[in-house]
Protein chains: 2
Amino acid sequence: MHTGTWGFSEATHRPASTTQQAVEGIKQYIRDNALKPGDTLPTESELCEELGFSRSSVREAIRILTTLDIVDVRHGTGTFVSSTSLKALVQGLIFRATLDADDNLETLRDVVEIRQAIDLAIGQEITAKLDPSKLEQLSIIVEKMSAKRKQGLNFAEEDREFHQVLLSEIDNPIIRELNDAFWQVHMNVIPLRKLEEPQDFSRTVRAHQDIVDALQNNDLKKYQESVLRHYEPLLTSL
Amino acid sequence: MHTGTWGFSEATHRPASTTQQAVEGIKQYIRDNALKPGDTLPTESELCEELGFSRSSVREAIRILTTLDIVDVRHGTGTFVSSTSLKALVQGLIFRATLDADDNLETLRDVVEIRQAIDLAIGQEITAKLDPSKLEQLSIIVEKMSAKRKQGLNFAEEDREFHQVLLSEIDNPIIRELNDAFWQVHMNVIPLRKLEEPQDFSRTVRAHQDIVDALQNNDLKKYQESVLRHYEPLLTSL
DNA sequence: GGTGATTTGTACGTATGTATT
DNA sequence: GAATACATACGTACAAATCAC
């Protein structure tokens with residue numbers, strides 16, 4: 001039983017649409033020519049000739065591949081191979097979260113729970129690969145966060161950077177991308193809700209500091225407690 | 001600083017393309033009319049009027065939303081709201097895996113590692129929500145797996161079902177979907193590689209039985225050991 | 001079962017906006 | 001600024017699938 005790319009078991013073996021054929025054709029072109037991220041693809045008209053499909057079909061195929069972040073189109077310049085990311089996951093989850101934004105916030109809570117689960121799951125690898133220079137980086141970021149908070153400024157970028165540096169020692173790139181993807185979803189959904197209380201910001205900064213401290217002591221248990229404390233104010237408010 | 005849906009900080013505030021406007025328009029239409037999965041959207045021509053864009057732009061927008069599994073298009077019938085899934089994540093990761101299929105299998109290893117991490121992370125919730133009827137279901141599935149293995153048959157569907165039932169008690173739907181998404185990626189990528197050895201299949205069946213046993217004893221530690229054993233043959237071969 | 005109406009799918013032509021040289 | 005190459009947008013026509021009558 002072959003189930004195709006989507007994992008369905010399509011009983012009806014309908015011939016793939018022209019657009020889908022074009023999608024597969026372009027994917028195959030990338031593989032055959034071993035194109036790397038940043039490499040240019042043929043122009044739309046060239047792709048039309050190459051694949052034997054009309055402009056419309058090729059364009060719709062390119063839209064699909066753009067959405068999956070497999071290619072990157074720059075107006076007036078050309079089409080390029082993209083370093084595939086989890087952009088589509090982010091978009092899909094943000095839309096889902098905005099659907100029920102008015103009456104409940106389940107999706108946001110789910111997202112935060114997963115961020116917490118990821119941070120907990122990587123605890124062992126993180127503490128094992130302790131790197132003094134990374135710890136130094138983390139400390140500096142927390143200081144910046146603290147400074148911004150005292151000025152009443154938003155420290156979202158520092159927050160993102162903190163978690164990225166924290167994950168930078170993790171071998172598995174997909175975990176790193178999932179981590180950032182859920183961070184993006186989280187931050188895009190938060191504005192739809194009422195803002196956090198000021199005391200929560202203060203607690204958040206302290207929680208980041210706790211994580212650094214735990215890592216400095218190479219203390220897995222304390223790390224996990226700090227992670228739980230980091231997300232606690234959010235989860236209880238949801 | 002507003003960063004838009006993608007989390008970028010676009011310095012150049014270029015006006016969104018017509019296609020992107022159409023995407024947002026259709027999303028907004030779904031929200032405004034509180035459409036639920038399965039509900040029909042206006043026809044393409046009606047959407048063109050409603051949004052004021054040409055058919056091509058609306059079509060490309062629909063392609064994007066189809067890729068994100070936000071809408072579902074049926075030829076000759078109409079366009080429907082879809083229950084958003086992680087289909088796009090699956091497609092993107094499968095493509096990534098096929099890129100380096102010939103020389104290495106990093107992506108497959110990364111995917112298996114994440115499956116393992118998810119199964120480990122849910123251990124506490126799983127063992128806490130022990131349900132005899134679910135355990136019964138799991139036992140039956142393992143028996144089916146065992147029977148199929150002895151006949152030399154593929155038991156992928158039973159494997160999928162096992163992990164779905166295992167996760168069915170988890171509250172967080174996104175975790176359930178992630179679990180299934182990574183299962184799909186895993187199974188779609190496996191055929192690109194050499195088949196597993198027969199003794200691995202036997203070990204896999206036993207590992208599933210071990211998981212059921214651990215849950216029957218409500219033994220978290222044994223559950224985690226079983227999960228590790230479940231993925232071990234795969235990870236070492238990668 | 002067949003026919004026509006409806007809806008999406010494909011093709012092509014033309015004009016316009018955009019970036020590079 | 002001009003020329004070129006490219007993507008973007010729109011409109012129209014027809015093909016293919018589906019459904020109701």
Side-chain angles (χ1 to χ4, degrees), chain A residues 4-6 8 10-26 29-30 33 35 38-82, chain B residues 4 6 8 10-26 29-30 33 35 37-82:
Chain A
T5 312
W6 287 268
F8 299 145
E10 292 276 357
T12 63
H13 257 343
R14 225 175 323 111
S17 72
T18 308
T19 300
Q20 269 308 322
Q21 288 180 49
V23 167
E24 293 307 319
I26 297 172
Y29 182 94
I30 295 174
N33 298 79
L35 297 185
D39 289 353
T40 70
L41 266 79
T43 68
E44 290 186 353
S45 356
E46 285 170 334
L47 278 175
C48 294
E49 282 188 28
E50 179 106 16
L51 303 170
F53 301 124
S54 78
R55 193 79 187 285
S56 337
S57 304
V58 171
R59 276 185 64 78
E60 290 189 353
I62 291 177
R63 285 287 185 248
I64 292 175
L65 293 171
T66 304
T67 306
L68 295 172
D69 207 20
I70 287 174
V71 307
D72 177 30
V73 178
R74 282 174 239 162
H75 191 162
T77 311
T79 308
F80 303 84
V81 177
S82 166
Chain B
W6 287 269
F8 299 146
E10 293 275 357
T12 64
H13 258 342
R14 227 179 315 116
S17 72
T18 307
T19 301
Q20 269 310 321
Q21 290 180 49
V23 167
E24 294 307 319
I26 297 172
Y29 183 94
I30 295 174
N33 298 78
L35 298 185
D39 289 353
T40 69
L41 267 77
T43 67
E44 291 184 352
S45 355
E46 285 169 333
L47 279 174
C48 294
E49 283 189 27
E50 179 108 15
L51 303 170
F53 301 124
S54 77
R55 176 121 184 262
S56 336
S57 303
V58 170
R59 277 187 62 78
E60 289 189 353
I62 291 177
R63 287 286 180 250
I64 291 175
L65 293 171
T66 304
T67 306
L68 295 173
D69 206 19
I70 288 174
V71 306
D72 177 30
V73 178
R74 282 173 241 163
H75 189 164
T77 309
T79 308
F80 303 84
V81 176
S82 165

Under 3.5 Å, is there a donor-acceptor pair between the side chain of B/Gln20 and the main chain of B/Ser17?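 A pair under 3.5 Å: no.
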
Is the backbone of B/Ala16 close enough, under 3.5 Å, to the side chain of B/Gln21 for a donor and an acceptor to pair up by distance?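 Yes: the side chain of B/Gln21 pairs with the backbone of B/Ala16.
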
Rounding to a whole Å, what distance do you find between [X]:[atom1] and [N]:[atom2]?
| X | N | atom1 | atom2 | value |
| --- | --- | --- | --- | --- |
| A/Glu49 | C/dA11 | CD | P | 14 Å |
| B/Phe80 | D/dT18 | CZ | C1' | 10 Å |
| B/Gln20 | D/dA9 | CD | C1' | 15 Å |

What does B/Ser45 touch in the nucleic acid at a heavy-atom separation under 4.0 angstrom: a base, only the sugar-phosphate, or nothing?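 The residue B/Ser45 makes no contact with any strand.
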
Regarding A/Glu44, tell me which of base, sugar-phosphate or nothing describes its non-hydrogen contacts under 4.0 Å with the strands shown.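 Base contact.
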
In residues 55-73 of chain B, what residues come within less than 4.0 Å of DNA chain D, judged by heavy atoms?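 Output list: B/Arg55, B/Ser56, B/Ser57.
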
I want to check something: taking the side chain as every heavy atom from C-beta on, are A/Leu35 and A/Tyr29 in contact at a cut-off of under 4.5 Å?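 Answer yes - side chains close enough.
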
So, under a plain 3.5 Å distance rule, would you say the side chain of A/His75 forms a donor-acceptor pair with the base of C/dT18?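 Result: no qualifying N/O pair found.
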
State the CD1-OG distance between A/Ile30 and A/Ser82, to the nearest 0.5 angstrom.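 Reported to 0.5 Å precision, the distance equals 9.5 Å.
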
Rounded distance [0.5 Å steps], OG1 in A/Thr79 versus CG in A/Asp72: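 If I round to the nearest 0.5 Å, the distance is 8.5 Å.
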
Contact nearer the 5' end of DNA chain C, comparing A/Gly76 with A/Phe53: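 Final value for this comparison: A/Phe53.
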
Phosphate OP1/OP2 of C/dT10: any A/Thr19 side-chain N/O under 4.0 Å: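 Yes, such a contact exists.
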
Look at A/Ser54 and C/dA11 and indicate whether a side-chain polar atom (N or O) is within less than 4.0 Å of OP1 or OP2.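 Yes, within the criterion.
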
Identify the two heavy atoms, one from B/Val58 and one from B/Cys48, that lie closest to each other, and give their separation to 0.1 Å.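 Result for this residue pair: CG2-SG, 3.8 Å.
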
